[in-house]
Amino acid sequence: MSGNARARLLDELSTVSRRYMASYALFNQALADRLRLHPTDMQCVNLLSLEGGPVTTGRIAELTGLTTGSATRLVDRLEKAGYVVRQRDAVDRRRVLVATVPEKVAEFGRVWDRLGGGWYALFDELADDELALIIGHMRRTVDLSAEQIARLRDGDLQETDEVRPESAESAESAESADEASPSSSS
């Protein structure tokens, strides 16, 4: 693949990625509105359902990137809405754990199930290796996002050594300049 074709594909990927992220943010907001939750609170319920058991408020802070104080207020809201309960750790009674309420998580799941048919249909025509490629991309994106979130929270907006590929327009300009250059005709 020529550099110009790759630059065009990367430009398109950038545009499509931005649209994808915006559409997901809007979907997340609409779903949160439906459940009468704040989008961050809803994503916390989602993350807690992936944890496999009760967690501390400190772990919730890690999962969400919130301060422990903000995570405590988030847990307060989720507890008031009936999505979580606080319980004493059976091993260390001084420690308080946050557990999801199965019935409320099931309600969350039922809403997703009503919407999920369209999601799964998107993948019907894909081969297993194509699905694996998407899964790999999503995992790398999650990891990169975690790194970028940490950088933003740490105030680290310094340039990295990674160079952004040139856009298709600048690649075309460079090719045109090369073609017009007297040294390119020799």
Side-chain angles (χ1 to χ4, degrees), residues 13 15-153:
L13 179 60
T15 300
V16 170
S17 293
R18 290 174 57 203
R19 289 185 190 282
Y20 173 81
M21 288 185 283
S23 71
Y24 182 79
L26 294 170
F27 170 80
N28 188 58
Q29 179 67 58
L31 184 55
D33 290 347
R34 173 71 179 213
L35 296 171
R36 294 188 171 95
L37 291 173
H38 184 278
T40 302
D41 297 3
M42 186 186 71
Q43 285 306 317
C44 182
V45 172
N46 176 41
L47 291 168
L48 289 173
S49 72
L50 297 171
E51 281 295 289
V55 299
T56 64
T57 302
R59 175 66 180 148
I60 291 172
E62 289 173 19
L63 290 169
T64 59
L66 297 172
T67 64
T68 54
S70 293
T72 298
R73 288 187 294 280
L74 184 152
V75 171
D76 290 342
R77 291 190 305 271
L78 289 176
E79 189 174 41
K80 184 177 179 183
Y83 281 89
V84 300
V85 293
R86 287 178 167 101
Q87 59 191 39
R88 294 273 176 208
D89 186 330
V91 176
D92 182 352
R93 301 288 298 156
R94 295 169 296 176
R95 204 165 88 140
V96 176
L97 299 174
V98 178
T100 57
V101 174
E103 299 79 21
K104 291 298 267 188
V105 173
E107 175 186 323
F108 181 84
R110 284 190 298 276
V111 171
W112 177 251
D113 286 345
R114 287 193 290 274
L115 298 168
W119 166 257
Y120 293 111
L122 290 173
F123 306 107
D124 285 348
E125 295 179 14
L126 298 180
D128 290 351
D129 61 331
E130 292 172 307
L131 285 175
L133 179 71
I134 292 169
I135 291 166
H137 166 73
M138 292 181 98
R139 284 183 176 143
R140 289 189 309 276
T141 301
V142 167
D143 292 344
L144 177 63
S145 293
E147 291 170 17
Q148 299 295 39
I149 289 166
R151 284 183 65 205
L152 286 166
R153 294 223 160 102

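Computed from a prediction, not measured in an experiment: that's the story for all the values here. Heavy-atom basis, side chains included; hydrogens, waters and symmetry copies ignored.
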Q: What are the two closest heavy atoms between Pro54 and Ala99, and how far apart are they?
A: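 Smallest interatomic distance, heavy atoms only, reads CG-CB, 3.9 Å.
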Q: I need the Asn46 CG to Thr100 OG1 distance, nearest 0.5 Å.
A: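 Output value for this atom pair is 11.5 Å.
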Q: Below 30° counts as parallel, above 60° as perpendicular, anything between as tilted: where do the rings of Tyr24 and Phe27 land?
A: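 Ring orientation of Tyr24 relative to Phe27: tilted.
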Q: Give, for atom CG of Leu26 and atom CE of Met21, the distance between the pair rounded to the nearest 0.5 Å.
A: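 Reported value, rounded in 0.5 Å steps: 12.5 Å.
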Q: Given 3.5 Å as the limit, does a donor-acceptor pair link the side chain of Arg140 with the main chain of Gly136, or not?
A: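 Such a contact is found between Arg140 side chain and Gly136 backbone.
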Q: Just wondering, are more than 12 heavy atoms of other shown residues or ligands nearer than 6.0 Å to CG in Asp128?
A: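 For Asp128, atom CG is not crowded (no more than 12 foreign heavy atoms under 6.0 Å).
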Q: Test your reading of the model: is there a side-chain donor-acceptor pair from Arg19 to the backbone of Thr15, 3.5 Å cut-off?
A: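 Not at all, since once roles are kept as given, no pair shorter than 3.5 Å links the two residues.
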Q: How about Tyr120: does its OH atom have over 12 heavy atoms from other parts shown lying under 6.0 Å from it?
A: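 At most 12 heavy atoms, drawn from other residues, nucleotides or ligands, come within 6.0 Å of this atom.
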Q: Looking only at non-hydrogen atoms, find the nearest pair between Gln29 and Pro39 and report the distance.
A: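 Here Gln29 and Pro39 meet closest at OE1-CG, 3.1 Å.
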Q: Show me the pairs that pass salt bridge (charged side-chain N to carboxylate O under 4.0 Å, His left out) and involve residues 105-121, at least two apart or across chains.
A: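 Matches after skipping sequence neighbours: Lys104-Glu107.
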Q: Rounded to the nearest 0.5 Å, how far does CG of Leu66 lie from OG1 of Thr57?
A: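 Taking OG1 in Thr57 and CG in Leu66, the distance rounds to 11.5 Å.
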Q: My understanding is that only one of Val101, Val98, Val45 makes a side chain to side chain contact (heavy atoms under 4.5 Å, CB included) with Leu78; could you say which?
A: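 That would be Val45; it is the only one of Val101, Val98, Val45 passing the side chain to side chain contact (heavy atoms under 4.5 Å, CB included) with Leu78.
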Q: Salt bridge (charged side-chain N to carboxylate O under 4.0 Å, His left out) for Arg86 and Asp76? Distances and angles first, verdict last.
A: CA-CA 9 Å; Arg86 287 178 167 101; Asp76 290 342; 2.7 Å; yes
Q: Could you tell me whether the side chain of Val96 reaches within less than 4.5 Å of the side chain of Arg88, counting heavy atoms only?
A: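 Touching, per the 4.5 Å side-chain cut-off.
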Q: Once you round to the nearest 0.5 Å, how far does NE2 of His137 lie from CG of Leu144?
A: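 Answer for the NE2-CG pair, His137 versus Leu144, is 9.5 Å.
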Q: Is there a side-chain contact between Tyr83 and Asp41 in this structure, where contact means two heavy atoms from C-beta onward sitting under 4.5 Å apart?
A: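 Answer no - side chains too far apart.
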Q: Return each pair, listed once, that meets salt bridge (charged side-chain N to carboxylate O under 4.0 Å, His left out) where at least one residue sits in residues 54-71; pairs must be two or more places apart or across chains.
A: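 For residues 54-71: Glu51-Arg59, Arg59-Glu62.
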Q: Do Leu31 and Leu115 have side-chain heavy atoms sitting under 4.5 Å apart?
A: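 Leu31 vs Leu115: side chains touch.
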Q: Find the distance between CE (Met138) and CG (Leu133) and round it off to the nearest 0.5 Å.
A: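 If we round to the nearest 0.5 Å, Met138:CE and Leu133:CG are 11.5 Å apart.
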Q: For the CE atom of Met42 and the CG atom of Asn28, what is their distance to the nearest 0.5 Å?
A: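 Here the rounded value is 3.5 Å.
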Q: In the structure I gave you, are the side-chain heavy atoms of Ile60 and Val55 within less than 4.5 Å of one another anywhere?
A: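 Yes - at least one pair of side-chain heavy atoms lies under 4.5 Å apart.
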